[in-house]
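Let me begin by presenting the structure, written as structure tokens, before commenting on it.
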Protein chains: 2
Amino acid sequence: MPPKVKSLEDREKLRARIIDAARTLFVERGIEAVSMREIAKKINYSATTLYHHFADKDALLQAVCDEDFLKLASGMRELMQLPNLIERIQALSKGYAMFALQYPNHYRLMFMTPRAPCNLDITEIEQGNTEQDAYAQLKLVVKEAFDAGLFRPEITHFELIAQTLWASTHGVCSLEIALGNEPWIQWVEIDRRFNLMQRAVLRGLLRDPDSVE
Amino acid sequence: MPPKVKSLEDREKLRARIIDAARTLFVERGIEAVSMREIAKKINYSATTLYHHFADKDALLQAVCDEDFLKLASGMRELMQLPNLIERIQALSKGYAMFALQYPNHYRLMFMTPRAPCNLDITEIEQGNTEQDAYAQLKLVVKEAFDAGLFRPEITHFELIAQTLWASTHGVCSLEIALGNEPWIQWVEIDRRFNLMQRAVLRGLLRDPDSVE
DNA sequence: ATCGTTAATTTAACACCGTTAACTTAAAAT
DNA sequence: ATTTTAAGTTAACGGTGTTAAATTAACGAT
């Protein structure tokens, strides 16, 4: 028993409900295991309706991730207040890791699942916008520290440093999420793994290793 | 025009052909994009035949991966001959990374996908067996270097070191696999990312940072 | 040699999937 | 009062993983 011409506001509301339902199911059971029909049923619509809001399943997935990226970025922005550059880098790294481990399934969607390369036209996130992009914030701090000469002189490219820092934290977190309770690995506590990684990689990058911690 | 009672040897041969066809297609186009029917057609059999050799698509996938990880482990075993301990660690790390980037779809399945109950019963790989398990080999070298006093003295647990080294390489590789062609990141070349990570983390872990490279 | 058995393989079908064309319905615009 | 518009539906297409049932050919025993 269908239609009622809806206001633009209502349309946005339905869009949001679709995204929320999709996220819940994706996170519960994995992307491939969730069908468009299921998502639709969860909010009492037919599957076709989803296609009036999103071009296809990938676009819906992209929308789910976009929201989570924004949330992550806004959480990180608060940490950018710390005055000491190295402490700020450490705080960003720690904040990122806590997000990953607190919302492992979101993290999986965002950073561990190869998806069709996002059409920049389709994403609503302004990449590079510090307000919206967590990686842009890391780049910002790293550049500042780079310009201040804090890193070893043979490293000539600051973005390479940012990507290395990112990869180190991502390595610890994603391994924990993917294999954290495999019985054949005697994992050391995740905190100790995170701390050693952060210490080691920073010591390895900084001109003065003893300035860390 | 079907059957001919086949010897046990022939049965093994067909099993191998299925695995090879599956691997080729998985690597070419990704796991989800390849259907059982396609794999079967590639070797001129019907889809049903695959199910007489493998319980389902996952089991086939697992068989493909098992083969490749045995190959990985055996490839790594050769690198274990290097006399210098640090060079040996570096070589293991590089070998691991090259495997990950050459077979991103297998790597994704083994190390980037959380498995519910851990398929230890199904896998034919003996974990911990140095001949078959790549992580066991890393542990072996790290322990040797640890006992030789090569690492910084405040690090008291050698397995923590092994896991940190693993996570660092995994971080670079898995980020590349998941987000390597996202247009909103200006990725530095993967080689440079790998090299800096390896240098940095080793310098950060070693008692004598200048012994690296 | 012929029978029954057995194993390899196929065809046909089931219940899903993502997606789309065609249709319904009710409100808004004329 | 009629037309237009858009939200929503049903029904279908061609695909998927998987399985039940049928087919075929070689073997062992009679």
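The sequence lines fix the lettering, A, B, ..., with proteins before strands; numbering per chain opens at 1.
Protein atom OH of Tyr45(B) is 13 Å distant from nucleotide atom P of dT11(C), rounded to whole Å. Going from atom NE2 of His53(A) over to atom C1' of dT19(C) covers 16 Å, rounded to whole Å. One interatomic measurement links the two molecules: CD1 of Ile43(B) to C1' of dT9(C), which rounds to 12 Å at whole-angstrom precision. When rounded to the nearest whole Å, the span between CG of Leu61(A) and C1' of dC17(C) equals 17 Å. The interatomic distance linking Ile31(A) (CD1) with dC17(C) (P) rounds to 16 Å, in whole Å. Put simply, NZ on Lys13(A) is 16 Å from P on dA7(D), counting in whole angstrom units. Distance, Phe54(A) CZ to dA7(D) C1': 15 Å, rounded to whole Å. In this structure, His52(A) places its NE2 atom 13 Å from C1' of dT24(C), rounding to the nearest Å.
A ring-centre distance under 6.0 Å is not found for Tyr103(B) and Tyr107(B). Taking the ring centroids of Phe99(B) and Phe69(B), they lie under the 6.0 Å cut-off.
Between Thr49(B) and Leu14(B) there is a side-chain heavy-atom pair separated by less than 4.5 Å.
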| task | Just do the side-chain contact (heavy atoms from CB on, under 4.5 Å) check on Thr113(A) and Arg108(B) with the steps written out, would you? | result | CA-CA 9 Å; Thr113(A) 307; Arg108(B) 188 154 66 82; 5.7 Å; no
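Ser168(B) and Ser168(A) form no side-chain donor-acceptor contact under 3.5 Å, judged by distance and modelled atom types alone.
Listed candidates were dT11(C), dT9(D), dG8(D). Nearest to the side chain of Ser46(B) is dT11(C). The side chain of Arg11(A) sits closest to dA7(D) out of dT9(C), dG8(D), dA7(D).
Within 6.0 Å of the CE atom in Met98(A), the count of heavy atoms belonging to other residues, nucleotides or ligands does not exceed 12.
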| request: Could you encode protein contacts along nucleotides 11-19 of chain D as a string, one character per nucleotide from 5' to 3', using B for base contact, S for sugar-phosphate-only contact and - for no contact, with a heavy-atom cut-off of under 4.0 Å? | output: -B---BBBB
